[in-house]
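Encoded as structure tokens, the structure appears first; notes follow it.
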Amino acid sequence: MKRFHSLAELSHGEIRDLLALATRLERHPEPAALAGKILGLLFFNPSLRTLASMQSAMARLGGSSIVLTPGQGTWKLETRTGVVMDGDAAEHVREAIPVLAGYVDALGIRSFAGGGDLAADLADGGFREMAGLCPVPTVNLESAMDHPCQALGDWKTLDDLGVPSQGKFVLSWANHPRPLPLAVPAATVHMAAARGMEVVVLRPEEYALPEPVLERARKAAALSGGSVRETSDRAEALEATTSIYGKSWSSPVHYGDSQAEALLRRNLTDWCIGPEWFERAAPECRFFHCLPVRRNVVVADAVLDSPRSAVVRQAHNRLWAQMAVLHRLLGGQR
Ligand code: CP
């Protein structure tokens with residue numbers, strides 16, 4: 001494997017190979033597999049899980065990591081092309097990334113969506129351009145439109161919990177005080193479709209996912225035998241579902257217009273996932289969320305604190321999934 005940018009770049013067999021390796025590393029540690037290897041971690045945006053689990057993954061495999069957060073103890077980095085750099089940024093990624101690549105064996109980059117221009121964010125150009133500057137293998141730590149480390153960990157969680165691969169998977173929009181990126185919903189809907197699930201995206205009309213996001217998931221479903229559809233009919237969507245994945249995202253209709261979206265969300269406070277959402281679900285239905293999550297806005301305490309909640313297990317599976325990715329990228333032995 002030369003890079004880890006998206007599950008959509010991997011075949012079903014390659015994903016299954018990573019999942020098997022993740023489980024093997026969970027059961028049988030390999031504390032020297034990446035001895036002497038160094039991972040660079042470039043975070044343009046905050047993180048708890050991705051930062052900590054990547055460093056832990058590298059250490060547990062015998063390697064080490066360097067964390068850089070531009071503008072916080074490191075020069076602020078310019079990412080735009082062709083600009084006059086007379087502002088805050090002292091250095092351009094065109095120099096910084098090749099320089100870093102000389103110090104490390106692989107580089108992870110977190111670079112969120114700009115949130116102002118939907119077409120630009122759908123193209124995911126910011127992450128792709130930076131990865132293109134890097135001569136060593138790159139890992140997407142969440143870009144504008146993807147979060148493959150989360151998706152791989154979530155797939156492992158579904159497997160661990162015995163959620164049937166043909167089961168019904170509801171990705172539900174949930175309320176939030178701020179418009180959030182599309183990366184996790186895009187990665188999640190693709191992951192569940194690639195796993196072969198009956199994927200239902202439940203959302204208010206104004207939060208229909210952009211067509212390119214659905215199209216990518218439908219292509220994966222066509223290969224896996226799964227399906228993808230959207231609805232705003234909550235009762236129908238939740239009927240007999242085996243999984244509810246909660247997540248908030250920006251309205252594509254009001255993309256970049258936070259005031260218009262704030263007005264819209266005033267009437268959507270009932271999109272807080274509560275215990276009643278599970279009344280018509282399968283008895284074993286579990287609740288998933290990538291975290292961080294705002295309690296009693298996105299999801300009720302009664303769900304997060306119940307045995308249905310898989311959110312901590314999801315976060316823990318990030319570690320094993322990323323260890324598998326690093327093992328494959330940096331040449332650990334099988
Ligand atoms: N889910 C996730 O990526 O969490 P962090 O933003 O804390 O890394």
Side-chain angles (χ1 to χ4, degrees), residues 4-8 18 22 39-60 65-72 106-115 121 124 126-127 130-131 138-158 160-161 169 171-174 176-192 243-250 273 286-295 297-299 303-304 309-326:
F4 188 68
H5 288 187
S6 172
L7 287 197
L18 283 172
L39 174 69
L41 294 165
L42 186 55
F43 278 88
F44 288 91
N45 311 96
S47 168
L48 186 151
R49 278 144 293 276
T50 308
L51 173 59
S53 59
M54 271 292 175
Q55 288 194 279
S56 177
M58 215 42 205
R60 282 174 185 268
S65 50
I66 298 170
V67 178
L68 294 154
T69 49
Q72 295 173 40
L107 182 67
I109 302 172
R110 169 166 279 199
S111 176
F112 286 176
D121 287 342
D124 219 350
F127 171 78
M130 283 193 274
T138 39
V139 180
N140 183 347
L141 304 179
E142 189 175 340
S143 62
M145 292 307 299
D146 220 319
H147 197 355
C149 295
Q150 183 70 49
L152 189 65
D154 289 347
W155 188 322
K156 181 176 183 306
T157 307
L158 290 164
D160 288 354
L161 295 174
F169 181 96
L171 170 65
S172 179
W173 186 84
H176 195 280
R178 294 192 300 116
L180 294 186
L182 287 156
V184 170
T188 303
V189 76
H190 172 270
M191 176 277 296
S243 26
I244 300 176
Y245 197 116
K247 186 73 186 85
S248 195
W249 61 84
S250 299
I273 298 168
R286 304 298 292 261
F287 175 74
F288 301 86
H289 190 283
C290 62
L291 302 181
V293 72
R294 290 184 185 237
R295 283 175 171 254
V297 177
V298 174
V299 57
V303 174
L304 280 172
S309 177
V311 300
V312 173
R313 188 163 191 152
Q314 286 175 267
H316 288 170
N317 270 327
R318 295 285 304 276
L319 173 65
W320 310 113
Q322 290 157 198
M323 282 169 71
V325 168
L326 294 168

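Every number for a ligand or one of its atoms is a count from 1 in the order of the listing. Numbering starts at 1 and runs along the sequence shown.
When only interatomic distances are considered, the shortest N/O to N/O separation between Leu48 and ligand 1 falls below 3.5 Å. Looking at ligand 1, you'll find an N or O of Leu291 within less than 3.5 Å of one of its N or O atoms. Taking only nitrogen or oxygen atoms, main chain and side chain alike, Pro292 does not reach within less than 3.5 Å of ligand 1.
Remark: Asp146 pairs with Arg216 by the salt bridge (charged side-chain N to carboxylate O under 4.0 Å, His left out) rule, at least two apart or across chains.
The distance from the OG1 atom of Thr188 to the NE2 atom of His147 is 9.0 Å, given to the nearest 0.5 Å.
Close approach of ligand 1 to Arg318 (heavy-atom distance below 4.0 Å) involves ligand atoms 1 (N), 2 (C), 3 (O). Heavy-atom contacts of His147 reach the following atoms of ligand 1: 2 (C), 3 (O) (cutoff under 4.0 Å). Every atom of ligand 1 with a heavy atom of Arg110 under 4.0 Å away is listed here by number and element: 3 (O), 5 (P), 6 (O), 8 (O).
No option in Thr50, Thr157, Asp154 other than Thr50 meets the side-chain hydrogen bond (donor to acceptor under 3.5 Å, both in side chains) test with Arg318. Each of Leu51, Leu42, Asn45 was checked for a side chain to side chain contact (heavy atoms under 4.5 Å, CB included) with Arg110, and the lone residue meeting it is Asn45.
For Gln150 (side chain) and Val184 (main-chain N/O), no donor-acceptor pair under 3.5 Å exists by modelled atom type.
For the pair Cys290/Lys247, a side-chain contact is recorded, criterion being any heavy-atom separation below 4.5 Å from C-beta on.
Residue-level proximity to ligand 1 for Val184 is absent, since no heavy atom of it falls below 4.0 angstrom.
The single protein non-hydrogen atom nearest to atom 4 (O) of ligand 1 is Arg49 NE, 2.9 Å, given as residue, atom name and distance.
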